[in-house]
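Remarks on the structure that follows.
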Amino acid sequence: MYNKKMVSCVLGVMCFALTLGICVQMRTVQETNQTVSNNRQENNLRAEVLRYKERYENRSRDVERAEADLEKERQNSIQNNSALQEKEEQIQQGNKIIGLAEVKGPGIKITLKDNKKDIKNALNPSDLVVHDEDILSVINELRNAGAEAISINGQRIVPTTGIICGGNIIDINREKVGVPFVIEAIGLPEQLAALERPYGYLDILKGYGIEVKLERSNNITIPKYNGTLTYNYAKTIK
Amino acid sequence: MIFIAILIGCILGALIGMNAPMISYTYSSYLAIAIIAALDSVFGGITSVINKNFDLKIFATGFFGNAILAILLTILGQKLNVDIYLAAIVVFVGRMFVNLAIIRRHYVDKWSETIKQKRTSVKEEK
């Protein structure tokens, strides 16, 4: 009835479309790690969160692209002007100090994890978890030991950073950060490693049963601060 | 020839699907319903081959048409806040089971017939 070539062509194309769709769908589901729940409301909420995440990622990608463009424009404009080049270097130096540039160097990495003990066996459940005050004290000690740049789970510590308790998570730079806390600091590793000294704050945390791990490293990368620093009220006195 | 075409189509689809960029989560529900519709058409096609009334035009248009229609209905359902895709899933999967039953019956019948024939031939030899 039909030409055999046409039949096989049509069937081939259909098989192609079907397997392509199935593969793409399987990968998408795997990537988003979606678990189907019986609760429709829960599913809708989860889908909503994923959709917002996606939008957020798209926006931040746009920002990154815009920043790259800006950088290129800047490079173009300062190319043949030594005075501007000097200024640019000053700006970069300043960015490094206030946390608007990615930095790299030797330092240490501290990992803090909650006590794994069953909460029923604890006298005070609050002793089992890492609190915002603990993070603050560790940061304080790191600064005392001469840390030049500090980040917690990828959040750069800048002059306007707040570290605030947010229930079962901690708000850092107004972003939610959860266990395990990985605190990275750049500085002289030997000096920073002194945080492990007896009766230092890490030692006290260990006493509470918090899992503390301190590693020295010659290659620590600390990301830049993603937000904007605004100074509306502080005016310079000439 | 037909089987070679099917095989090439499947392999190409799988290879490209593994390397293709992922679709965003928003659209994955549409793709899922389209896949179900297409699978339903495939089983319907096999059943029609068994019933000897297979028509390529109807098969091809059903395959793509059903998929697109299912996607459009899902979009409409989301706009109206009714889960129309549930109805589509029920219809498609229900039909898939019916077709699978027809296919199974056909092959079981065939199988039992061949066994009967063998037995009679053995008896005749005796």
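Order of the sequence lines sets the chain letters (A, B, ...), proteins ahead of strands, with each chain counted from 1.
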#### Entry: Engaged part of B/Asp83 at the chain A interface, taking heavy atoms whose separation is under 4.5 Å
side chain

### Query
Quick one: does A/Asp134's side chain have a donor or acceptor within less than 3.5 Å of a partner on A/His131's backbone?
yes

### Query
So which of A/Ile22, A/Leu11, A/Leu20 has the largest heavy-atom pair count under 4.5 angstrom toward chain B?
A/Leu20

### Message
Taking A/Asp171's backbone N and O only, do any of them form a donor-acceptor pair with A/Asp132's side chain (distance below 3.5 Å, no angle check)?
### Response
no

### Task
Taking atom types as modelled, find out whether A/Asn173 and A/Thr161 have a side-chain donor-acceptor pair closer than 3.5 angstrom.
yes

### Task
Give the C-alpha distance, both sets of side-chain angles, the deciding distance and a yes or no for side chain to side chain contact (heavy atoms under 4.5 Å, CB included) between B/Ile50 and B/Tyr107.
CA-CA 9 Å; B/Ile50 285 169; B/Tyr107 282 107; 4.1 Å; yes

### Task
With a 4.5 angstrom heavy-atom cut-off, could you sort out which part of A/Gln25 is near chain B: side chain, backbone, both or neither?
both

#### Entry: Donor on one side chain, acceptor on other, B/Gln117 and B/Glu113, under 3.5 Å
no

### Message
Let's test your reading of the structure: which of A/Arg51, A/Met26, A/Lys53 forms the most heavy-atom pairs below 4.5 Å with chain B?
### Response
A/Arg51

### Query
Taking side chain as C-beta onward, heavy atoms only, is A/Asn226 less than 4.5 Å from A/Val63?
no

### Query
Run the side chain to side chain donor-acceptor pair (under 3.5 Å) check on A/Gln75 and A/Gln79 step by step: do they pass?
CA-CA 6 Å; A/Gln75 291 299 335; A/Gln79 219 155 34; over 6 Å; no

### Query
With a distance cut-off below 6.0 Å to the six-membered ring centre and an angular limit of 45° from the axis, does A/Arg59 pair with A/Tyr56 as a cation-pi contact?
no

### Sorted by number, residues from residues 29-45 of chain B in contact with chain A (heavy atoms, under 4.5 Å)
B/Leu31, B/Ala32, B/Ile35, B/Ala38, B/Leu39, B/Val42

